[in-house]
Amino acid sequence: MSKLTDQTYLTQSQYKNSINLDARLSIHQRFSVNPYGWFNWVFDHLTDLPAELNILELGCGSGELWKECASRIPQSWSITLTDLSDGMLDAAWHNLLPIGYRFKFEKVDAQAIPYADKTFDVVIANHMLYHVPDRRKALADIQRVLKDDGVLFAATVGKSHLHELYQWILRVESEKPGRFTLEFTLENGKEQLQEYFPRVELSRYQDSLRVTDVDRK
């Protein structure tokens with residue numbers, strides 16, 4: 001099994017706490033060329049929906065989406081944040097406690113979502129479906145808990161993600177760096193989703209990184 005879908009590795013090492021995720025988010029905050037911001041762009045799609053929403057986020061991480069867009073959250077929304085990692089849920093709770101909004105926090109495996117059929121208006125899977133070992137099972141369960149007119153927002157990256165980074169590593173390392181093969185990408189994600197959802201739309205957030213300050217410590 002690839003480490004990318006190894007739940008033991010993910011919950012006890014890579015995402016044991018928010019340190020690694022925070023480091024990656026910091027790079028994007030410092031060096032992204034699109035000033036609008038990824039989280040604002042994602043949130044824009046939510047505000048296009050009806051005012052009263054019951055929202056489930058799978059793999060909420062450190063809750064950065066809601067922290068960044070705190071002032072935009074309507075009081076009429078009911079938001080359940082879930083993650084498979086206790087450490088990530090703890091980080092999300094600490095990050096969002098000052099907001100004063102009544103989020104619900106639950107430890108949940110996306111392959112076995114513990115909620116009743118047709119519960120949610122929106123399910124968010126933000127850069128996490130490529131971590132799920134049995135994606136078909138997860139997508140079927142997402143379909144089950146969504147209302148008939150519900151919406152799934154499933155974010156991912158393209159197959160050339162980090163390509164330039166690996167090229168730079170090859171210039172300074174004698175051995176090729178280990179690479180993960182993503183199984184849910186911009187190129188193949190739509191096809192996978194169409195097995196469970198009759199209407200699938202692809203939206204692209206245009207951005208890249210321009211690193212202007214290299215910390216050599």
Side-chain angles (χ1 to χ4, degrees), residues 15 18 20-83 88 91-92 95-96 98-99 101 103 110 120-132 135 138-139 142 146 149-165 182-194 196-197 199-212:
Y15 297 115
S18 67
N20 292 330
L21 179 60
D22 290 344
R24 291 194 287 274
L25 289 174
S26 176
I27 292 173
H28 284 271
Q29 289 166 352
R30 294 175 62 192
F31 303 119
S32 287
V33 300
N34 188 332
Y36 191 63
W38 162 257
F39 294 114
N40 277 320
W41 183 80
V42 171
F43 206 90
D44 286 348
H45 290 75
L46 297 176
T47 56
D48 288 338
L49 299 175
E52 294 188 6
L53 295 175
N54 191 9
I55 300 173
L56 169 67
E57 182 171 17
L58 299 169
C60 70
S62 57
E64 198 69 21
L65 169 63
W66 311 101
K67 178 182 175 181
E68 287 292 317
C69 302
S71 63
R72 302 177 63 188
I73 304 174
Q75 289 300 314
S76 58
W77 288 3
S78 174
I79 304 172
T80 301
L81 304 183
T82 71
D83 205 285
M88 297 306 291
N95 281 337
L96 298 176
I99 293 175
Y101 190 92
F103 295 96
F120 298 97
D121 301 289
V122 175
V123 173
I124 300 171
N126 190 4
H127 290 101
M128 58 78 63
L129 284 173
Y130 44 66
H131 286 310
V132 179
R135 208 160 25 261
L139 290 173
I142 291 171
L146 273 172
D149 58 349
V151 180
L152 165 65
F153 291 100
T156 188
V157 296
K159 63 181 181 181
S160 357
H161 179 59
L162 300 180
H163 174 74
E164 290 180 320
L165 175 62
L182 296 176
E183 300 294 340
F184 183 83
T185 65
L186 285 173
E187 291 77 17
N188 64 25
K190 184 175 182 179
E191 180 181 353
Q192 295 179 51
L193 293 172
Q194 285 174 329
Y196 300 90
F197 303 96
R199 177 183 173 188
V200 180
E201 297 180 3
L202 175 62
S203 299
R204 293 178 181 268
Y205 178 70
Q206 299 296 333
D207 196 9
S208 60
L209 297 177
R210 183 174 295 121
V211 179
T212 56

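Values in this document were obtained by computation on a predicted structure and should not be read as measured data.
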Evaluation steps, side chain to side chain contact (heavy atoms under 4.5 Å, CB included), between L139 and L129: CA-CA 9 Å; L139 290 173; L129 284 173; 4.2 Å; yes
Hey, does the side chain of [X] reach the backbone of [Y] with a donor-acceptor pair shorter than 3.5 angstrom?
X	Y	result
T185	E187	yes
E64	F39	no
S62	A91	no
Y130	L182	no
Y205	G37	yes

Roughly how far, to the nearest 0.5 Å, is [atom2] of [Y] from [atom1] of [X]?
X	Y	atom1	atom2	result
N95	K67	CG	NZ	4.5 Å
Y15	M128	OH	CE	10.5 Å
E201	L193	CD	CG	12.0 Å
I73	F43	CD1	CZ	5.0 Å
L21	S26	CG	OG	11.0 Å
N34	H28	CG	NE2	12.0 Å

Write down the atom of [X], the atom of [Y], and the distance for their closest heavy-atom approach.
X	Y	result
F197	L152	CE1-CD2, 3.7 Å
E57	L81	OE1-CD2, 3.6 Å
L96	G63	CD2-O, 3.6 Å
N126	A155	OD1-CB, 3.4 Å
Q192	E183	NE2-O, 2.8 Å
A110	L58	CB-CD1, 4.2 Å

Is the closest side-chain heavy-atom distance between [X] and [Y] below 4.5 Å?
X	Y	result
E68	Q29	yes
W66	I79	yes
C60	T82	no

W41-Y36 aromatic ring centre distance below 6.0 Å: no
Partner set under salt bridge (Lys or Arg N to Asp or Glu O under 4.0 Å) for E191, not counting sequence neighbours: none
Using distance only, find each side-chain donor-acceptor pair of residues 46-56 under 3.5 Å and give its atom names and separation, not counting sequence neighbours.
unit_1, atom_1, unit_2, atom_2, d
T47, OG1, D44, O, 2.8
N54, ND2, T119, O, 3.0

Within 6.0 angstrom of R199 CZ, more than 12 heavy atoms from elsewhere: no
Criterion side chain to side chain contact (heavy atoms under 4.5 Å, CB included) on Q75 and Y101, from CA distance to verdict: CA-CA 8 Å; Q75 289 300 314; Y101 190 92; 3.8 Å; yes
